[in-house]
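Presented below is the structure to which this report refers.
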Amino acid sequence: MKTQADTTSDRREFLKLAGTGVAAAGLLSTAGTALATPRKSTPLPNGADNFYTSDKVAVQKVTLKNQYQMTVAGNLFVPKSLDRKKRTPAIVVGHPMGAVKEQSANLYATKMAEQGFVTLSLDLAFWGGSGGQPRNAVSPDMYAESFSAAVDFLGSQAFVDRRQIGAIGVCGSGSFVISAAKIDPRIKAIATVSMYDMGAANRNALNHSQTLEQRKQIIAAAAEQRQAEFDGGAIRYTGGTVLALTADTHPIQREFFDFYRTPRGEFTPAGASARTTTMPTMSSNVKFMNFYPFNDIETISPRPMLFITGDQAHSREFSEDAYKRAAEPKELFIVPGAGHVDLYDRVTLIPFDKLTSFFNKHLVGAGA
């Protein structure tokens with residue numbers, strides 16, 4: 001069952017809705033089965049290791065408050081070899097849009113903690129263990145605020161050097177951390193991976209394939225749904241990853257399915273429904289239409305920025321656009337043979353050595 005904004009063309013539908021991070025909008029009319037909890041009983045192919053853990057790193061669940069007194073949930077990763085009498089550089093890690101910290105963010109946080117950094121993965125507002133109602137709501141400002149709240153928390157830790165805090169944003173979080181960094185100079189170095197500009201993706205779709213008229217149709221449908229919900233109607237969801245593949249499923253949607261709907265990366269947070277994971281609410285998703293994270297991106301300078309993308313990534317256009325607009329120091333790092341979702345969890349492709357050298361230079365080196 002499709003939303004009012006859907007068109008009859010499957011390809012146009014995908015390109016229009018791919019801006020939310022994945023394809024296929026609408027209410028879920030099929031019965032959903034509970035997704036499995038993280039498991040690693042069988043090695044996954046091609047280096048996929050989303051649920052990687054390390055005996056070199058101690059992990060602690062934490063909760064904190066953002067500036068608006070909403071709860072932000074996170075995992076704090078501390079190298080077991082850390083000298084807690086000294087102050088150490090730290091990194092905040094944000095998950096893909098529609099995901100939670102257990103998907104990609106924990107992996108990055110663990111790997112960077114192995115390199116000696118204190119790291120904090122977080123659930124963005126309205127997702128996972130963080131606060132906010134309704135669940136799965138879109139609020140770019142609150143997403144960016146989650147990063148600043150994480151910086152607040154890290155800066156309060158006795159073993160963290162608050163002058164040496166950086167951030168990594170994966171997929172949609174790449175645009176949210178840029179939004180945060182523009183008005184939070186405490187974020188001293190910014191790296192994005194497989195970044196989606198969630199504003200441009202929703203306004204224009206991939207490769208600017210969405211027309212203004214199609215955009216207006218989406219906005220109108222969301223406004224009608226907002227009124228319906230105010231009048232007592234059920235919440236509807238848009239975008240997200242399909243629950244089953246068909247012969248007609250788009251290749252990019254298959255790419256997301258392989259992560260979010262299989263043991264490779266599937267995860268349903270406590271209290272959530274497996275039928276709606278990854279799916280933002282239809283009435284709130286239009287908030288992205290007013291989101292312009294790359295405007296004034298040059299004002300982040302002289303703080304350094306690193307944009308990592310795969311040479312096969314369907315989202316590559318966003319990293320290239322951000323790099324073009326940003327001021328020095330900046331770097332665009334393209335990973336050969338990598339698609340968009342590959343850089344969520346394929347440890348044989350993710351350039352952790354590049355991330356380590358970047359933060360060593362711009363956090364550790366700058367604070368020396």
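All heavy atoms count here, side chains included; hydrogens, waters and symmetry mates do not.
- Shown here for Lys287 and Pro140, the closest heavy-atom pair between the two residues is CB-CD, 3.9 Å.
- Within the model, atoms OG of Ser175 and OH of Tyr292 stand 13.5 Å from one another, a figure rounded to the nearest 0.5 Å.
- Of all non-hydrogen atoms in Ala180 and Phe147, the two that sit nearest each other are CB-CB, 4.0 Å.
- Put simply, the side chain of Arg87 never gets that close to the backbone of Asp161: no donor and acceptor are under 3.5 Å apart.
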Decide yes or no on ring-ring contact (aromatic ring centres under 6.0 Å, His included) for Phe257 and His250, but give the supporting numbers first. CA-CA 10 Å; Phe257 182 95; His250 193 281; over 10 Å; no
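- Annotation: ring pair (Phe, Tyr, Trp, His ring centres under 6.0 Å) contacts of Phe176 (sequence neighbours excluded): Tyr143, Phe291.
- Between the side chains of Ser284 and Arg226, no donor N or O sits under 3.5 Å from an acceptor N or O.
- Judged purely by atom type and a 3.5 angstrom limit, Glu145 has no side-chain atom pairing as donor or acceptor with the backbone of Asn66.
- In this structure, Asp123 pairs ionically with Lys101, as a charged nitrogen and a carboxylate oxygen lie closer than 4.0 Å.
- Using modelled atom types, one side-chain atom of Ser357 and one backbone atom of Asp353 make a donor-acceptor pair closer than 3.5 Å.
- Residues that satisfy the side chain to side chain contact (heavy atoms under 4.5 Å, CB included) test with Ala272, not counting sequence neighbours, are Thr268, Pro269.
- When atom types are taken as modelled, the side chain of Thr309 and the backbone of Ile334 share no donor-acceptor pair closer than 3.5 angstrom.
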What do the steps show when you test Thr71 against Lys65 for side chain to side chain donor-acceptor pair (under 3.5 Å), and what is the final call? CA-CA 5 Å; Thr71 297; Lys65 296 292 186 180; 3.0 Å; yes
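- When side chains are defined from C-beta on, His95 counts as touching Leu124, because their heavy atoms get closer than 4.5 Å.
- Nearest heavy-atom pair, Ala200 versus Phe318, reported as atom, atom and distance to 0.1 Å: CB-CE2, 4.3 Å.
- Formation of a donor-acceptor pair under 3.5 Å by the Gln210 side chain with backbone atoms of Arg203 is found in this model.
- With no hydrogens or angles considered, a side-chain donor-acceptor pair links Ser54 and Glu114 at under 3.5 Å.
- A salt bridge links Glu331 to Lys354: at least one charged side-chain nitrogen sits closer than 4.0 Å to a carboxylate oxygen.
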Show your reasoning for whether ring-ring contact (aromatic ring centres under 6.0 Å, His included) applies to Phe352 and Tyr108. CA-CA 8 Å; Phe352 287 113; Tyr108 276 78; 5.3 Å; yes
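- Counting heavy atoms from C-beta outward, Leu363 and Arg163 have side chains that stay 4.5 Å or more apart.
- Of the possible donor and acceptor atoms, one in the side chain of Ser130 sits under 3.5 Å from a partner among the backbone N and O of Ala73.
- In terms of hydrophobic clustering, with Ile, Leu, Val, Met, Phe, Trp and Tyr side chains grouped at heavy-atom distances under 4.5 Å, Leu332 and Ile297 are assigned to a common cluster.
- Residues Met142 and Met70 form a side-chain contact, since some pair of their non-hydrogen atoms from C-beta on lies under 4.5 Å apart.
- A donor-acceptor contact closer than 3.5 angstrom links the side chains of Asn106 and Ser121.
- No side-chain donor-acceptor contact under 3.5 Å links Ser81 and Lys56.
- Within the 4.5 Å cutoff, side-chain heavy atoms of Asp311 are placed close to those of Arg316.
- Placement of Phe153 and Val57 in two distinct hydrophobic clusters is found when ILVMFWY residues are connected by side-chain heavy-atom separations under 4.5 Å, directly or transitively.
- Not a single donor-acceptor pair under 3.5 Å links the side chain of Arg186 to the backbone N or O of Ala181.
- Transitive grouping of hydrophobic side chains (ILVMFWY, heavy atoms separated by less than 4.5 Å) brings Tyr52 and Ile350 into a common cluster.
- Grouping the Ile, Leu, Val, Met, Phe, Trp and Tyr side chains by contacts below 4.5 angstrom, directly or via other members, places Val62 with Ile168.
- In summary, the side chains of Ser148 and Asp184 do present a donor paired with an acceptor at a separation below 3.5 Å, with no hydrogens or angles considered.
- Judged purely by atom type and a 3.5 angstrom limit, Asn136 uses its side chain to pair as donor or acceptor with the backbone of Thr276.
- Other residues, nucleotides and ligands contribute at most 12 non-hydrogen atoms within 6.0 Å of the CZ atom of Arg162.
- With contacts defined as side-chain heavy-atom distances shorter than 4.5 Å, the pair Val78/Phe159 qualifies.
- A salt bridge does not link Arg254 to Asp258: none of the charged side-chain nitrogens sits closer than 4.0 Å to a carboxylate oxygen.
- A donor-acceptor contact under 3.5 angstrom links the side chains of Asn204 and Arg215, judged on distance only.
- Counting heavy-atom neighbours within 6.0 Å of Ile219 CD1, excluding the residue itself, gives a total above 12.
- Under the 4.5 Å side-chain heavy-atom criterion for ILVMFWY residues, a single connected hydrophobic cluster contains both Leu343 and Val347.
- Electrostatic pairing of Lys85 and Asp83 does not count as a salt bridge here, judged by no charged N lying under 4.0 Å from a carboxylate O.
- In terms of heavy-atom proximity, Leu243 sits nearest to Ala274 at CD2-O, 3.9 Å.
- Cation-pi contact between Lys330 and Tyr323: present, with separation from the ring centre below 6.0 Å and deviation from the ring axis of at most 45°.
- With hydrogens and angles disregarded, no donor-acceptor distance shorter than 3.5 Å links the side chain of Thr241 to the backbone of Tyr260.
- For the atom pair Gln217 CD and Thr211 OG1, the distance stands at 7.0 Å (nearest 0.5 Å).
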Quick one, Ser283 with Gln225, criterion side chain to side chain donor-acceptor pair (under 3.5 Å). Give me CA distance, side-chain angles, the key distance, then yes/no. CA-CA 6 Å; Ser283 59; Gln225 179 59 26; 6.0 Å; no
Derivation of the side chain to side chain donor-acceptor pair (under 3.5 Å) call for Arg261 and Thr277: CA-CA 10 Å; Arg261 303 300 186 208; Thr277 57; 2.6 Å; yes
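- Of the possible donor and acceptor atoms, none in the side chain of Arg303 sits under 3.5 Å from a partner among the backbone N and O of Ala189.
- The side-chain hydrogen bond (donor to acceptor under 3.5 Å, both in side chains) test with Tyr196 singles out one residue from His340, His314, Glu317, and that residue is His314.
- Cation-pi geometry between Arg264 and Phe259 is not satisfied (NZ or CZ under 6.0 Å from the ring centre, within 45° of the ring normal).
- Nearest heavy atoms, Met279 versus Tyr237: O-CD2, 3.3 Å.
- Between Asp55 and Lys80, the shortest heavy-atom contact is O-NZ, 3.1 Å.
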